[in-house]
Amino acid sequence: MTTGPAAVTKDKAGDGDDDYRPSGRRLAHEAYRRGRARRSALIAGASTLATAVVLYLLVVNSPGWKVTRKTFFNLDYARQALPEVLKGLRLNLELMLGCGALILVFGLLLAVLRTLRGPVFLPVRLLATAYVDFFLGLPMIICLLVMITGVPALRLTGVTTDPLLLGGAALVLTYSAYVSEVFRSGIESVHPSQRAAARSLGLTNAQAMRYVVLPQAVLRVVPPLINNLVSLQKDTGLVSIGGAIDAVYAAKIIAYRSFNYTPYIVAGLVFIVLTVPLTRFADWLTARMNRRQVQGGAV
């Protein structure tokens, strides 16, 4: 135990830390910052409210608002459509989860094939590049139509004619091209020194890719992958063109039966409720990763 003048000095220093009081200048600066923050919040709230009021008045005072309100914003038809839309939404969620898993695996495989080195892998790289270029340029709706209507017309033995499965296959084919580009950008963002260090430790190219490059690459591209998942969730509604009764097709049935388009608004709002949390989570994750990079931490 320390005794004597040193201990007394240490105790005094400790008491000085406990009795610390910020200077007047610092207190004034903090009060100024709080005032500016309150002022900014008030201005932002007032401008947002004013914009909302102007838009509301513009809409409700338009000449066709009464007809539009009855056709698109009828509460009776909304209550009638909501249970059917939610029942069909289950199909959309199943498609999103099942196709999403296949897309991640296939997209990662395509990205790895495109980054293989050596002349012996040139045919593989060319095939993977041609696949990605083709499906990046092909509109989703055309791919769905070709799969849902063209494959059954071939009458191939053992090949399904279920529009749900064929529509899911079209989603996988198209989105795998997009996801592969995301994975490839993540792989190429890893500094070459990482691979060189792994090779110097005795790892093969495949081991360096698996244990060193891919873990860093996948972690860096999580936010854009979530955004692709959001887009996939919305595009699952396109399988309804083949007759699969999802949320969109359920709304379409009620709308055609009643000649009222409120069910479409209900289906749209349901998709918005599902996608907004994912979008905000992707934004939060991106901002968090950017802050850690600026602070010099690991991604």
Side-chain angles (χ1 to χ4, degrees), residues 81-114 124 127-184 218 224-257 263-264 266-268 270-275 278:
L82 184 59
E84 299 298 326
V85 169
L86 292 178
K87 187 184 300 183
L89 184 66
R90 179 180 177 182
L91 181 62
N92 296 101
L93 295 177
E94 290 175 353
L95 271 175
M96 182 189 70
L97 294 176
C99 295
L102 293 175
I103 288 167
L104 289 175
V105 174
F106 192 29
L108 181 58
L109 176 61
L110 286 171
V112 172
L113 292 178
R114 293 192 65 184
V124 177
L127 288 175
T129 302
Y131 175 91
V132 171
D133 290 343
F134 178 79
F135 282 101
L136 284 179
L138 184 68
M140 169 68 74
I141 190 69
I142 293 179
C143 184
L144 282 165
L145 288 172
V146 169
M147 290 294 296
I148 293 175
T149 61
V151 172
L154 296 175
R155 298 181 181 180
L156 299 174
T157 303
V159 178
T160 182
T161 58
D162 187 350
L164 179 62
L165 295 179
L166 294 175
L171 292 174
V172 172
L173 290 174
T174 303
Y175 268 90
S176 294
Y178 290 98
V179 171
S180 70
E181 288 294 274
V182 174
F183 278 125
R184 188 167 70 94
V218 171
L225 287 178
I226 295 177
N227 289 329
N228 280 322
L229 181 63
V230 171
S231 298
L232 174 65
Q233 180 180 344
K234 294 182 294 183
D235 283 344
T236 55
L238 295 175
V239 300
S240 60
I241 64 175
I245 303 178
D246 67 330
V248 177
Y249 198 81
K252 180 179 179 181
I253 292 174
I254 300 174
Y256 280 14
R257 189 170 59 210
Y264 287 128
V266 173
V270 168
F271 277 102
I272 290 174
V273 169
L274 289 176
T275 56
L278 283 175

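Side chains included, hydrogens not; waters and symmetry mates left out as well; all remaining heavy atoms used.
Taking all atoms of both residues into account, the shortest heavy-atom contact from Gly167 to Leu144 is O-CD2, 3.6 Å. The minimum heavy-atom distance linking Val218 with Phe183 is given by the pair CG2-CE2, 4.0 Å. Residues Thr236 and Met96 come closest through the heavy atom pair CG2-N, 4.0 Å. Here the shortest heavy-atom pairing between Val172 and Ile103 reads CA-CG1, 3.7 Å. Smallest separation of non-hydrogen atoms from Cys143 and Leu138: CB-CD2, 3.7 Å. Shown here for Gly237 and Val248, the closest heavy-atom pair between the two residues is CA-CG2, 3.9 Å.
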How far apart are the C-alpha atoms of Asn92 and Leu274, what are their side-chain angles, what is the distance that settles it, and do they pass the side chain to side chain contact (heavy atoms under 4.5 Å, CB included) test? CA-CA 11 Å; Asn92 296 101; Leu274 289 176; over 6 Å; no

Would you please test Phe106 and Val179 for side chain to side chain contact (heavy atoms under 4.5 Å, CB included) and show each step? CA-CA 9 Å; Phe106 192 29; Val179 171; over 6 Å; no

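Counting heavy atoms from C-beta on, the side chains of Arg184 and Val132 never come closer than 4.5 Å. You'll find the side chain of Leu154 stays beyond 4.5 Å of the side chain of Val159, heavy atoms only.
In terms of modelled atom types and a separation under 3.5 Å, the side chain of Ser180 and the main chain of Ala177 share a donor-acceptor contact. Here the side chain of Tyr178 pairs no donor or acceptor atom with the backbone of Phe135 at under 3.5 angstrom.
Electrostatic pairing of Glu84 and Lys252 does not count as a salt bridge here, judged by no charged N lying under 4.0 Å from a carboxylate O.
Between atom CE of residue Met147 and atom CD1 of residue Ile142 there is a gap of 14.5 Å, rounded to the nearest 0.5 Å. Rounding to the nearest 0.5 Å gives a distance of 5.0 Å between CE of Met140 and CG of Asp235. Separating the CG atom in Leu136 from the OG atom in Ser176 is a distance of 11.0 Å, to the nearest 0.5 Å. Here the OH-CD1 distance, from Tyr264 to Ile254, works out to 10.5 Å after rounding to the nearest 0.5 Å. Expressed to the nearest 0.5 Å, how far CG of Leu232 lies from OG1 of Thr275 amounts to 12.5 Å. In this structure, CG in Leu171 is found 6.5 Å from CG in Leu95, a value given to the nearest 0.5 Å.
Within the structure, the side-chain hydrogen bond (donor to acceptor under 3.5 Å, both in side chains) test picks out no pair touching residues 158-170 (sequence neighbours left out). Counting only residues at least two apart or in different chains, ring pair (Phe, Tyr, Trp, His ring centres under 6.0 Å) contacts with residues 225-254 are absent.
In the displayed structure, Ile245 atom CD1 is contacted under 6.0 Å by at most 12 heavy atoms of other residues, nucleotides or ligands.
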